Each structure stands twice: as C-alpha cells, then as structure tokens.
Amino acid sequence: MTGRDLLPPALLIGLLALVPWATSSNTMLNFLVTVLIVALAAQGWNLLGGFGGQFSFGHAAFFGTGAYATALLQIRGGVNAWIACLIGIAAGGVVGWVIGVLAFRARLRGSYFALVTLAFAEVLRILTNAADFTGGAAGLLLRLDVRPMNFQFASRAVFYWIALVCVAVVLLLTVMIERGRFGAQLAAVRENEEAARALGVDALAVKLRAITLSAAITAAAGCLYTQYFLYLDANIAYGSWISIEALLAAIVGGIGTVAGPVIGALTLHGLGELTKGFAGDITGVDLVLFGLLLVAAIGFAPLGIVGSLRRLRVVRLSGGAR
Amino acid sequence: MLDVADVSRRFGGLLAVDGASLTVAEGEIVGLIGPNGAGKTTLFAIISGFIAPSKGSIRFEGRDVTREPAHLRARQGIARTFQVVQPFAGLTVRDNIAVGAYLRHPRRQDAINHAEAAARRLGLETMLDRPASDLTVAGRKRLELARALATEPKVLLLDEVLAGLNPSEIRDIIPVIRVIRDGGVTVLMIEHVMQAVMSLCERVYVLAHGRVIAAGVPRDVCADPLVIEAYLGHGAAGRIRAGEVAGA
Ligand SMILES: Nc1ncnc2c1ncn2[C@@H]1O[C@H](COP(=O)(O)OP(=O)(O)OP(=O)(O)O)[C@@H](O)[C@H]1O
Ligand SMILES: [Mg+2]
C-alpha cells in the first residue's frame, strides 16, 4: 500500500475531524452526523455495487436490521448498547449472507438482483411495522440515559467523532480490499464472471463475502442511527429512503472509488440543505435535486465526482509533461 | 495426464459432442481440429468444467474431475482460453493478468510480479498500464494467453488463439506456444490455422459432428480421406485423388 493512495481519504477525514473545533453549532453537527451515517451506509453499498457490480436496491434491509437489533437488544434484552451495536452489525451481515445465498445461488443479476433486494427490504419493513415485538407502527424509543457506557453522550461532537472513526475504518478497509486478492477477484467477477471462474475464482464465494461485508457496514450505519436519534420505526429503519441515499451517494460521489461514498453523501446533503434554504420547505424539493444529480452523474460523469477529479488531474499531469 | 472418456453433450435436439474420447500425455502439444460446429469448443467447456457432460467422464492426473466446478479445476491446473476473448475490459492489462496470478500467490506483490513476468512472456510488457479495452485483437489474444498462463497451469487449453491474427502475428506467437510447452506446460489446442497445427502439434484429433473421426500425427491425419470429407464434403477425397492422377 502506498502513501499516495491513502493521502486523499486521510486528508478528507482529517478535515472533517476538525469541524467540531471550528463550530459548535448543533445544526451543523446534526447535519454532519446524518451525512456520516449516510456515508457509512453508502460505503457498504459501494463495496457490493461499486466494486462487485451487484446493484442492490434494498440496502435498507441491512440498515434496518442493524438499527432494530441495536434497539431491541437494549429494550427487550437489557444488553449493553455497545455490545448491542456489535451484535447489530453481525446481524446485518447474516441477513446479507442469507439474501446473497438465495439470490446468487439462483444466479440473479442486474435488475433481477436489484428487485429481489428491494423485495426483502420491503418484507422486513412490513413485518416490523406489524409486529408488536418491534413496537409496531409506533416504533421504538430508547431510554435517554446519557452515559458513555450507554453509547449516549452529552456532547454531539463525541458522537460525531465516533461516527467519523467508523467511516475512516471502512475507508481503510476499502483501500485494503481494493489492493488485495479479494478486491482483484471481486473486480474480475464484476467485469466477467466466466473469465473469472476460468482463472480459479470461486465467483459465488466472492459475491457472498462481498454482500456479507457490505451488509455489515450498512448495518453499522443503522446502529449509529439508533444510538444518535434514540428513536426508530419501520419506515425509518427499513424505508427505501436509505436504500436510495446509499446508492445515490456512492454513484454521485464515484462508484467503485474509495472516497466516493463520503464525498457523495456530503455533496447530496450539502446541496439538499442549500436548496431547502433557497426554495423554503417545499416537500420533496431535495428529492428532485437528488434525481437531477443522479441523471447528471450517469450522463456526464460515470465515475462521479472522484472520477472527474481524477481525470482533471491526469489531464493536468500530462499537460505539464509536455 | 488428461483423459476424456466417451463424453457426450446434448443441447436440446442437437448432440454437440457425441461419445468423444481423447488423451493427452504430459509435455505434449496436441491439436484438436474439425470443421465449424464440430463441437470443439463445447468439448473444451466440458473439460474445463463450464458445461456438464450428459455422459462420460473427465480424468485429470488420475482423478475423476467430472463433477468438479470450473474454479476447482483451474486450481488443480487446468487453464483455458476463450475462443471469443473475455478480457476484464475495465481493468488494466496488469490487473487482468494479476487475477490469474492471485490463484497461486495470495500476496499482492507476488501476484503482480508473476503477472508482469507472464506479460513479458507474451510481449505485453509495454501495455501493462493500459486498460484491456485498448488492446487490438492480437493483443487481446495474447492477454487471454497471459492470464491463463499466470495461473501456472499443468495443462493449457487454447481455443483458436491464432484466429483473427495476420500471418506475421501468427509467426510471432507460434514460438511462444512452443516455449510455454518447453517450460513444462502441456498444451491441447483447437486450431484452424493448419500451418500452426503442422508445426506445433505432435498429435491431432479430428472432431466432426461431435465424434472423433481420426487421430494421429498431423501429416497422416490430413491425408485421411475421412478427414478430407469431413471438411470438404462427401466424395471430396475421391475427387482430389482423381485430380491428382489426372494432373500427373
Ligand atoms: N450453449 C449452447 N446451446 C445450444 N447449442 C449450442 C451451445 N453451445 C454450442 N452449441 C451448438 O453445438 C454445436 C457445436 O458448437 P461448438 O461451439 O462446440 O463448435 P466448434 O467446433 O467450436 O465450432 P467453431 O469452429 O465454429 O468454433 C454447434 O452446432 C453449436 O451451435
Ligand atoms: Mg469453437
């Protein structure tokens, strides 16, 4: 691993880490925590969708599982919040693995795979919305008990830093995957599964590993959501908003790039807030914007913001060499 | 080393491979020829584990591998190239070959080193950083070979690696195949370019309508009336002989 690959993501994380010293505005920190949660969910999506080429439309299934497991274990099981989060992440991974086994064994790809993931997320949403155990339509409220041991902090900045550490850890993990055997095999399966198998790649195993990891990462975002807002219901946890934001952030930021999901989440939510500021509270105005951004990304910058920046750099470098 | 016994494969009403048997001994270069649609590619797909045979068995180094999936056969040392080249279009040439090299070298640096060595053997060293989609037809054929070679196979199944190349490119690549064999890799190759079959193969099998209709040294096989008829149609051998007599 060379320093050059790590430098841009490290700079990004470093800059973000400084924010709480620059401002103590609650609105700002709230905004950034939301961005980081979406970024983490998008990082999970990007591992499977960007690096593995398997487009999921239902990452809410993993986000929601992480969120609900974290809440239920504490409320119904009296489990410590930190441990509940870890179990929540694992539970998300298990759900990912199960969906992977069902979908990939059946050789589903492309839009079929996307639809199946969407269906799973919707089934989970409807079930949690109906069951008493999960609080039904009223949702779940965690008891406010601000102590670090409970993963609750008096200062928003602390929570912000914890979320940032999660994002940073996944960035590092992504770089390691990209530069290792698993990443090479994942890219090979994405580009041409037949050819990959001819070279000894166990395509099914690679895809299962990818969806499990991807699901666990997105589940971690769900755990953070629960701990930060201390409230969730089925439409939040398993709602399609997070499936859409996860894939949008990854695509707009740069699909299959290491830092893309983080930059995409920042851009989407940054612009979303700005338009709300200009256009007032017209419901759905940010969604219109997201749609336009997606069209723009797919039409003009297939590798998103990161891809475009990279191209600029290449052009400048080759221009300088002349 | 490779033992294909009485293999058949049916596609609906079509018997693409019909009771074909062949053996390849270690260190040989064996040719597999036959007219279009004879079932050669299908037979390769069966040997490498991409298509299950309807009947028959494949043994490799004495073990029955008929039921093993493709990636495990690759691990045991059976590598194939595709007649229709299948590059990882979005990856660089280096990364394409590295996927093969990772099979035996889990560490990145080792895999990259071996990939670059395989690229040099195929004359691709100047293209390492280019995306595979930049390669010409000849380049893609070389990439296909380099990738397969990077898995460090014991037997290499080459499906028309010379098709679509011009005569000078063919002349360049024939010695490469010989060097690969001299390096200890057994080769079974499907080839329509007879110049290559004649100069490379120690033995050839001829497949027609899914059946092995002839086997032996290339010169004998090419003179076999059955083979001539398979290529040129019924009665062709007789006409050619008559023509030779008349010409003399
Ligand atoms: N997946 C498939 N489904 C149905 N039919 C198939 C399939 N694959 C091959 N065939 C048919 O089987 C026959 C043998 O095809 P194959 O590709 O093995 O021939 P080949 O000897 O490699 O020919 P060529 O020299 O043109 O490459 C052909 O008639 C082909 O149309
Ligand atoms: Mg063929």
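Predicted model, so just to flag it, every value in this text is computed and none were measured. Each chain gets a letter, A, B and so on, in the order the sequences are listed, and its residues count up from 1. Hydrogens, waters and symmetry mates play no part in the numbers below; they use all other heavy atoms, side chains included.
Residue contact with chain A, scored on non-hydrogen atoms closer than 4.5 Å, involves the backbone and the side chain of Ala70(B) alike. If you measure heavy-atom distances from Ala111(B) to chain A, you find no contacts under 4.5 Å at all. Neither the backbone nor the side chain of Pro69(B) comes within less than 4.5 Å of any heavy atom in chain A. Neither the backbone nor the side chain of Ser48(B) comes within less than 4.5 Å of any heavy atom in chain A.
When each of Pro106(B), Gly100(B), Ala101(B) is checked for heavy-atom pairs under 4.5 Å with chain A, Pro106(B) comes out on top. Here Val99(B) is the residue among Ile78(B), Val99(B), Asn96(B), Thr81(B) with the most heavy-atom pairs under 4.5 Å with chain A.
When side chains are defined from C-beta on, Arg75(B) does not count as touching Leu199(A), because their heavy atoms never get closer than 4.5 Å. Put simply, the side chain of Arg181(A) does not reach to within 4.5 Å of the side chain of Arg108(B), judged on heavy atoms. Contact of the His71(B) side chain with the Asp202(A) side chain is registered, since non-hydrogen atoms from C-beta on lie closer than 4.5 Å.
In this structure, Ala198(A) and Arg80(B) approach most closely via the heavy-atom pair CB-CG, 4.0 Å. The two residues Arg197(A) and Gly49(B) have their closest heavy-atom pair at NH2-O, 4.2 Å. When every heavy atom of Phe88(B) is checked against every heavy atom of Ala195(A), the shortest pair comes out as CE2-CB, 3.7 Å.
When the shell of 6.0 Å around CZ of Arg94(B) is examined, it contains more than 12 heavy atoms from other residues, nucleotides or ligands. Residue Arg181(B) places its CZ atom among more than 12 non-hydrogen atoms of other residues, nucleotides or ligands, all under 6.0 Å distant. Remark: Phe11(B) CZ is packed, more than 12 non-hydrogen atoms of other residues, nucleotides or ligands lying under 6.0 Å away. For Phe57(A), the CZ atom is loosely surrounded, since the number of other residues' heavy atoms within 6.0 Å does not exceed 12. Applying the 6.0 Å contact sphere to CD of Glu61(B) captures more than 12 heavy atoms from other residues, nucleotides or ligands.
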Could you walk me through whether Leu91(B) and Arg190(A) satisfy the side-chain contact (heavy atoms from CB on, under 4.5 Å) test, starting with their C-alpha distance in whole Å, then the side-chain angles of each, then the deciding distance to 0.1 Å, before giving a yes or no?
CA-CA 10 Å; Leu91(B) 307 187; Arg190(A) 174 190 72 210; 3.7 Å; yes

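Of the inter-residue distances, the one linking Gln185(A) atom CD with Leu103(B) atom CG reads 8.5 Å to the nearest 0.5 angstrom. Distance CD/Glu193(A) to CD/Gln86(B): 11.5 Å, rounded to 0.5 Å.
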